Amino acid sequence: MKHFLKIGILCFLPGSLLMAQEKMHITLENPSDFIRNDEAIILSRRSLIKGLKSGTEEKLPLFKKADGSVLPSQTDDLDGDGKWDEAVFLLTLQPLEKTGINVSFVKAGDFPKFTQRAHARMAKMDASGKFMPITAETMPEGMKPTDFSKTKLPLYHTEGPAWENDKVAFRLYFDPRNGKDIYGKTTSEMMMDRIGLGENYHEKSWWGMDILKLGNSLGAGSLAIIGKEKDHLQSVVKLGEHVEKLLMS
């Protein structure tokens, strides 16, 4: 069963009805009988800047509760044109609670910094032995799983792309193993950039540990093909040993 939040938007007129609108008020209602903790509220650029003072669209929306406390938020550029397309803020709502949020617009330089709660990255070892961030990559021809008896560190940090939030982390083997791993976290800090540098992450550490031993499985979900065998039985074929090329972008 799906549960939805009710959202209403009202623009303020500062001082005079003849002046352009500069602020906005949002009303949110939790119709559910359970708490909505850190609910992600997503609002489109169009809904936020419609009818506002000219030039406001170049600023960033800042969301505040009635008591003036600032809510964690960010803007996202979905189409890569250099302009934000949506804004997201986090709000906790008690059961059946109805609350108002004030929206103002500030310059990018005045936008506050919030505690990071999500992170994604891929890093490749350069000629000096340092892992450097990359945004696109083609798996080298003939790539094999890392043999740690011959090398201390793999070509890619954590052997492939990694992403995390403040509760759990994942990594994907960027080689023919094609498996997705899960890391259980005991810290809310972003930690994937700091692990996989020679230590044994199968043992519990300050941040947590690798809690999913993949073996030859797909792990937390990876690419595979479902095929039919005799007697109409289905089988899952892992895209693994015979994969010659992987792309990331």
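For clarity, every value in this text was computed on a predicted model and none was experimentally measured.
At least one side-chain heavy atom of Tyr183 sits less than 4.5 Å from a side-chain heavy atom of Trp207. At least one side-chain heavy atom of Pro140 sits under 4.5 Å from a side-chain heavy atom of Leu155. In this structure, Ile134 and Met122 have side chains that are in contact, with non-hydrogen atoms separated by less than 4.5 Å. Contact check for Ile41 versus Val88: no side-chain heavy atoms found under the 4.5 Å cut-off. For the pair Met125 and Met132, the minimum side-chain heavy-atom distance is 4.5 Å or more. At least one side-chain heavy atom of Ser73 sits less than 4.5 Å from a side-chain heavy atom of Phe111. Looking at heavy atoms from C-beta onward, Glu86 lies out of side-chain contact with Arg45 at the 4.5 angstrom threshold. Side chains of Asp85 and Asp77 form a contact here, defined as non-hydrogen atoms less than 4.5 Å apart.
Cluster annotation: Leu90 and Phe63 are assigned to distinct hydrophobic clusters (Ile/Leu/Val/Met/Phe/Trp/Tyr, side-chain heavy-atom contacts under 4.5 Å, transitive). In the hydrophobic clustering of this structure, Phe105 groups with Val70; members are Ile, Leu, Val, Met, Phe, Trp, Tyr whose side-chain heavy atoms approach within less than 4.5 Å, directly or through other members. Under the 4.5 Å side-chain heavy-atom criterion for ILVMFWY residues, no single connected hydrophobic cluster contains both Phe174 and Leu197. Both Leu60 and Leu71 are assigned to one and the same hydrophobic cluster, defined by single-linkage of ILVMFWY side chains at heavy-atom distances under 4.5 Å.
Remark: side-chain polar atoms of Arg36 are not paired, donor with acceptor, to backbone N or O of Ser32 under 3.5 angstrom.
At a threshold of 4.0 Å, the pair Asp181-Arg171 counts as salt-bridged, since one of the basic side-chain nitrogens sits closer than that to a carboxylate oxygen. A salt bridge is absent between Lys83 and Glu58; no separation between the charged side-chain nitrogens and carboxylate oxygens falls under 4.0 Å. With respect to Glu137 and Lys124, a salt bridge is recorded, a charged nitrogen being found less than 4.0 Å from a carboxylate O.
Under the side-chain hydrogen bond (donor to acceptor under 3.5 Å, both in side chains) criterion, Thr99 pairs with no residue, sequence neighbours left out. Annotation: side-chain hydrogen bond (donor to acceptor under 3.5 Å, both in side chains) contacts of Arg121 (sequence neighbours excluded): His157, Thr158, Asp193.
Here salt bridge (charged side-chain N to carboxylate O under 4.0 Å, His left out) pairs that include residues 88-117, with residues two or more places apart or in two chains, are Asp38-Arg117, Arg117-Asp166.
Test Lys64, Lys23, His25 against Asn102 for side chain to side chain donor-acceptor pair (under 3.5 Å) and you get one pass: His25.
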